Amino acid sequence: MSSKPSIPKGTRDFSTKEMLKREYIFENIKQVFRLFGYQPIETPAMENITTLLGKYGDEGDKLLFRILNSGDFLSSLNYDDMTTLEYSKLSSKICEKGLRYDLTVPFARYVVQHREEIVFPFKRYQIQPVWRADRPQKGRYREFFQCDVDVIGSDSILNEYELIRIIDDIFKILRISTVIKINNRKVLAGIAAYIGESDRIIDITVAIDKLDKIGIENVNSELSTKGLSEKAISNLQPFLQLNGNTSDKLGTLNRLLSESEVGKKGITELQTLFTYIGNRSLSCDIELDLTLARGLNYYTGAIIEVKSKDVNIGSICGGGRYDNLTGVFGMEGVSGVGISFGADRIYDVMNQLNLFDDLKGSSTDVLIVNFGEDETKYSLKILDKLHEMGVKTELFPDPAKLKKQLSYADSKKIPFILMAGENEINNNCIKVKNMSSGEQKEISMKVLKKFVENEIRQTKGIDSLPPNLKIL
RNA sequence: GUGGAUGUAGUUCAGUCGGUUAGAACGUCGGAUUGUGGUUCCGAAAGUCGUGGGUUCGAGCCCCAUCUUCCACCCCA
């Protein structure tokens, strides 16, 4: 039984080089989240399946990973169940748990469960993997990390504005040029009402979401296939053809939707948001995009999606406002808004654009050569000192040939070697080798600290770190 | 879930019409150099040709199934 080991479809191992890059992304995102006063939480990888079902639409239910009950999972079934139940009903009988599909629904569940201990508005961030049983392809994985920020318990559009700022800050730091697309579900609901097809809002939004992909004719024919009347479709056209700048668009919408209460509410929300954004300078492009629909069922207000301008990989960040997500868990009238950064896609974008150049260096600054048992005591003393000074240092674990130890340092791009063999120990000094110049010299133990400050810090020190990591 | 492509040392890829023992580069390891890396030179290890069946005297190559990865759709981060 020694077949080659493998990992499940759509999952990946991350090797050291990849992890350094990934952590760079996580660190930066986390710092911006903290800057705006968000605090971390984590929730379990698995949730009760009933928590997850029905929150993401039919498509979402299909993509949930279900966890087979432990033990005799068939004991809850009788013969009739097995032969007559359709598979989805059957699976919810034998699978009581599932892997989380996103971080928003578990968060809503968390808020309801911990309502007594939470002070509202509650601003939290959460960086964890999620799982979807999707068919994998480029930019689409079955296990991937989401970085969520949400504020729950506040209706203010200031929260939407804050999220836009966060998006802008993060992508500015990561040097990804992006366009932020904004829309509002209430406006979409208003449009559906205006054309007399209120109950078809999902079909309508899904179809117009494809506008820039398949063109206006195909959208119209798709709507017609879905059973929308000719009249409704022709009434929809002015919305599909909306153009001009943001205030033009909002003006037109205002006229067209003057009869619709929800529609007008949505327009006001958009207006408020765009006023906040106003003339503040953002590095991202911002665009009011009526064709932005987003599939997740629970959005009720603003919807936000971010795309890279240089790499075509779908959205790298998305989110919106949900007015009653906690309602399904028994806590009514609490509105929240949040966004989710797709770390894996951000990684793909940055990799493709070679934006990780700054990270080429090693994580270790100094390697202490291992000369053997007798010298190790002396080396460990040096190691401790350097660690106390905050210098990233490692001692080679085996007394391997010097050649081996040096080429290890070389492959890890460690810039400094410290050698303390018999001669050095007798003279109470250390030999230092600079790997890039090849130059080496002996220094006494006393000036070790000075040496660190003058040379290591300058070669590998804080100045070489990306500016945003300097605080660390 | 639907349709299409793909798979050969650790990695990137050759491999002719189906014909003897499947090759290269890079990487790894060893040596030239027992206390000095990168460059150079020499050498070695490394493969059940994704997996399982089938056709054939003979299969990396042809056929079937299956898995992986990739692409389009659906949907999404």
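Just so it is clear: chains get the letters A, B, ... in the order the sequence lines come, proteins before strands, and each one is counted from 1. Below, each value reflects all heavy atoms present in this structure, side chains not excepted, and no hydrogens, waters or symmetry copies. Because the structure is predicted, anything quoted here is derived from the model rather than measured.
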Please state whether the rings of Y408(A) and F396(A) are parallel, tilted or perpendicular, taking 30° and 60° as the class boundaries. perpendicular

Determine the contact category for [X]: base if any of its heavy atoms lies under 4.0 Å from a base atom, sugar-phosphate if only primed atoms, P, OP1 or OP2 are that close, otherwise nothing.
{"X": "K401(A)", "answer": "sugar-phosphate"}
{"X": "G438(A)", "answer": "base"}
{"X": "Q405(A)", "answer": "nothing"}
{"X": "K404(A)", "answer": "sugar-phosphate"}
{"X": "G10(A)", "answer": "sugar-phosphate"}
{"X": "E424(A)", "answer": "base"}
{"X": "E143(A)", "answer": "nothing"}
{"X": "C147(A)", "answer": "nothing"}

Kindly give the atom pairs (protein nitrogen or oxygen, nucleotide nitrogen or oxygen) under 3.5 Å for nucleotides 70-74 of chain B.
from: rC71(B); atom 1: OP2; to: K138(A); atom 2: N; distance (Å): 2.1
from: rA72(B); atom 1: OP2; to: Q137(A); atom 2: OE1; distance (Å): 3.2
from: rC74(B); atom 1: N3; to: R140(A); atom 2: NH1; distance (Å): 3.4
from: rC74(B); atom 1: N4; to: R140(A); atom 2: NH1; distance (Å): 2.8
from: rC74(B); atom 1: N4; to: R140(A); atom 2: NH2; distance (Å): 3.2

Separation between the [atom1] atoms of [N] and [M], rounded to whole Å:
{"N": "rC49(B)", "M": "rA59(B)", "atom1": "C1'", "answer": "11 Å"}
{"N": "rU56(B)", "M": "rA22(B)", "atom1": "P", "answer": "25 Å"}
{"N": "rG15(B)", "M": "rC61(B)", "atom1": "P", "answer": "15 Å"}
{"N": "rU2(B)", "M": "rG19(B)", "atom1": "P", "answer": "37 Å"}

Could you tell me if [Y] and [X] have a donor-acceptor pair between their side chains, going purely by distance under 3.5 Å?
{"X": "D310(A)", "Y": "S308(A)", "value": "no"}
{"X": "D150(A)", "Y": "Y322(A)", "value": "yes"}
{"X": "S436(A)", "Y": "N434(A)", "value": "yes"}
{"X": "Q126(A)", "Y": "Y110(A)", "value": "no"}

Taking the nucleotide of RNA chain B with the nearest heavy atom to each, does K62(A) or E422(A) sit closer to the 5' end?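 Of the two residues, K62(A) wins.
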
Would you say whether F341(A) stacks on rA77(B)? The test is a distance between ring centres of less than 5.5 Å and an angle between planes of less than 30°.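 One would not call F341(A) stacked on the rA77(B) base.
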
Which stems, defined as runs of 3 or more consecutive Watson-Crick or G-U wobble pairs with both pairing distances under 3.5 Å, involve RNA chain B? B:1-5 with B:69-73, B:10-13 with B:23-26, B:28-32 with B:40-44, B:50-54 with B:62-66

Please report, rounded to the nearest Å, how far the C1' atom of rC76(B) is from the CG atom of D102(A).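 Checked: the CG to C1' distance equals 11 Å.
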
Does the gap between the ring centers of F36(A) and Y125(A) come in under 6.0 Å?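 Ring centres of Y125(A) and F36(A) not closer than 6.0 Å.
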
Taking the side chain of [X] as heavy atoms from C-beta outward, which of [options] is closest to it?
{"X": "M419(A)", "options": "rU36(B), rG31(B), rC29(B)", "answer": "rU36(B)"}
{"X": "L402(A)", "options": "rC29(B), rG35(B), rG31(B)", "answer": "rG35(B)"}
{"X": "M435(A)", "options": "rG37(B), rA77(B), rU68(B)", "answer": "rG37(B)"}

